[in-house]
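Taking it in order: structure first as structure tokens, then the write-up.
Ligands are counted one by one from 1 in listed order, and the atoms in each one are counted from 1 as well.
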Amino acid sequence: MIHPRLFLSRLHGLISLKLLAFVFAGLLCIPATAMEPKQIQAALDRAYEKYKGLKEGANADYIPVLAEVDSNIYGIALVTPDGKVYTAGDVKSEVSIQSISKVFTAAKVMEESGPDKIFNTIGADATGMRFNSIVSIEMSKQAFGGPEMNPLVNPGAIAATSMVKGNSRDDIFNSILSYYSDFAGRKLSVNEEVFKSESDTNQRNQAIGMLMYAYNYIEDNPMQATDIYTEQCSISVNAKDLATMAGTLANGGVNPVSKKTVLKPDNVPKLLAVMATAGLYDDSGKWLWRTGLPGKSGVGGGIIAVSPGNFGIAVISPPLDEAGNSVRAQKAIADISNALGGNPYAVMPMKQ
Ligand code: GLN
């Protein structure tokens, strides 16, 4: 029989070992799924508390209703490949998905027509310019023999939307909406007020659609493509929806909660590559430097990020920085991912 004092000291040893493992988990790059649920939850709670009072950035206002969205909305969600959902803060409030939609429309085109449909036309290179840059079109491959674009900036995204199959405008939009819903694992819907507000003020995107048509990136009906793109940007999501969408990409294309296959496993790394290249617009390099994670932001205040095989994470907080990326979301995701060893590039040398 083990002496009670010895038992207690062993127990104590075990507990502190666990604590040590937790503290160094980030440094040792233990994948999140190998970590205790409590440790994952603690990482979310810490980031939530740390940035709750942060007041930097401002809501987007070039789409008038976005300026009126409550700047205090702040929610974090993380979904692991085994379907566990972790949350902190406000994961009920919804914002418009905005540019995060671009990832899922690109995914749809890849599913329907194969990845080369995107790769050989729009491309997979960073433009290094703002998300709605017109100069980037003028300098691009088909306009000028210049560099390629990618489906995560407005010109490439509107072109990707134009490639979605369907018999009518409504048919195309409904198939996009139901595809996003499969990623989120629930039936999503459009925020009509946002759709109207952006439709009334999206002359710049209409010009982008027309230019993309002029340079043959869009085959037909550029105004319809811009209109559908605007509506897809107005789809309402909360942090949990976004984290489940990201979690599906972290899990090889199968929604880890509903277990539905949404995307072919082969298409996932290609999509993640484009997110790594261009997901946070002209700040994508900085983001990759800090986190190593493919991500995507939207001017509604959401950011998603994917640690392949480990987790999908999303944060919603409307105030944005100069590049158009949510300030709190960037900070919270970087902290959480780094605490959980989420950076796929960070490995320890093999013991010789
Ligand atoms: N709907 C917005 C636009 O086209 C999306 C931009 C974004 O989220 N960066 O301008």
Pairwise side-chain contact, Met163 with Ile218, heavy-atom cut-off 4.5 Å (strictly under):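 A side-chain contact is absent here, since even the closest heavy-atom pair is not under 4.5 Å.
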Considering only heavy atoms from C-beta outward, does the side chain of Gln98 approach that of Val194 to under 4.5 Å? yes
Short list, please: which atoms of ligand 1 are under 4.0 Å from a heavy atom of [X]?
{"X": "Tyr62", "answer": "2 (C), 3 (C), 5 (C), 6 (C), 10 (O)"}
{"X": "Tyr229", "answer": "1 (N), 2 (C), 3 (C), 4 (O), 5 (C)"}
{"X": "Gly298", "answer": "8 (O)"}
{"X": "Phe131", "answer": "6 (C), 9 (N), 10 (O)"}

Is there a polar contact between ligand 1 and [X], counting only N or O atoms under 3.5 Å apart?
{"X": "Val299", "result": "yes"}
{"X": "Ser297", "result": "no"}
{"X": "Lys102", "result": "no"}

How far is [atom] from its nearest protein heavy atom, and which residue and atom is that?
{"atom": "atom 7 (C) of ligand 1", "answer": "Ser99 OG, 2.5 Å"}
{"atom": "atom 9 (N) of ligand 1", "answer": "Tyr281 OH, 2.6 Å"}
{"atom": "atom 2 (C) of ligand 1", "answer": "Gln98 OE1, 3.2 Å"}

Is it possible for you to say whether Val91 and Val79 belong to one hydrophobic cluster, with membership spreading through side-chain heavy-atom contacts below 4.5 Å?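 No, because Val91 and Val79 fall into different hydrophobic clusters, even though each may have its own neighbours under 4.5 Å.
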Answer with side chain, backbone, both or neither: which part of [X] has a heavy atom less than 4.0 angstrom from an atom of ligand 1?
{"X": "Asn205", "answer": "side chain"}
{"X": "Cys233", "answer": "side chain"}
{"X": "Asn154", "answer": "side chain"}

Side chain to side chain donor-acceptor pair (under 3.5 Å) partners of residues 53-66, not counting sequence neighbours, each pair once: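 As it turns out, the side chain to side chain donor-acceptor pair (under 3.5 Å) pairs with a partner in residues 53-66, which skip direct neighbours, are Asn59-Ser71.
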Report yes or no: is the cationic atom of Arg328 (NZ for Lys, CZ for Arg) closer than 6.0 Å to the six-membered ring centre of Tyr74, at no more than 45° off its axis? yes
Does ligand 1 have any atom that is closer than 4.0 Å to a heavy atom of Gly324?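 Contact check Gly324 vs ligand 1: negative.
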Criterion salt bridge (Lys or Arg N to Asp or Glu O under 4.0 Å) on Asp335 and Arg46, from CA distance to verdict: CA-CA 9 Å; Asp335 276 23; Arg46 266 199 313 273; over 6 Å; no
I'd like to know if Asp82 pairs up with Lys84 as an ion pair, taking the criterion as any Lys NZ or Arg NE/NH1/NH2 lying under 4.0 Å from an Asp or Glu carboxylate oxygen.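 Judged by the 4.0 Å cut-off on N to carboxylate O distance, Asp82 and Lys84 do form a salt bridge.
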salt_bridge(Lys117, Glu111) N-O dist < 4.0 Å: no
Using the salt bridge (Lys or Arg N to Asp or Glu O under 4.0 Å) criterion, which residues pair with Lys141? Sequence neighbours excluded.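 In terms of salt bridge (Lys or Arg N to Asp or Glu O under 4.0 Å), with neighbours along the sequence ignored, Lys141 is linked to Glu148.
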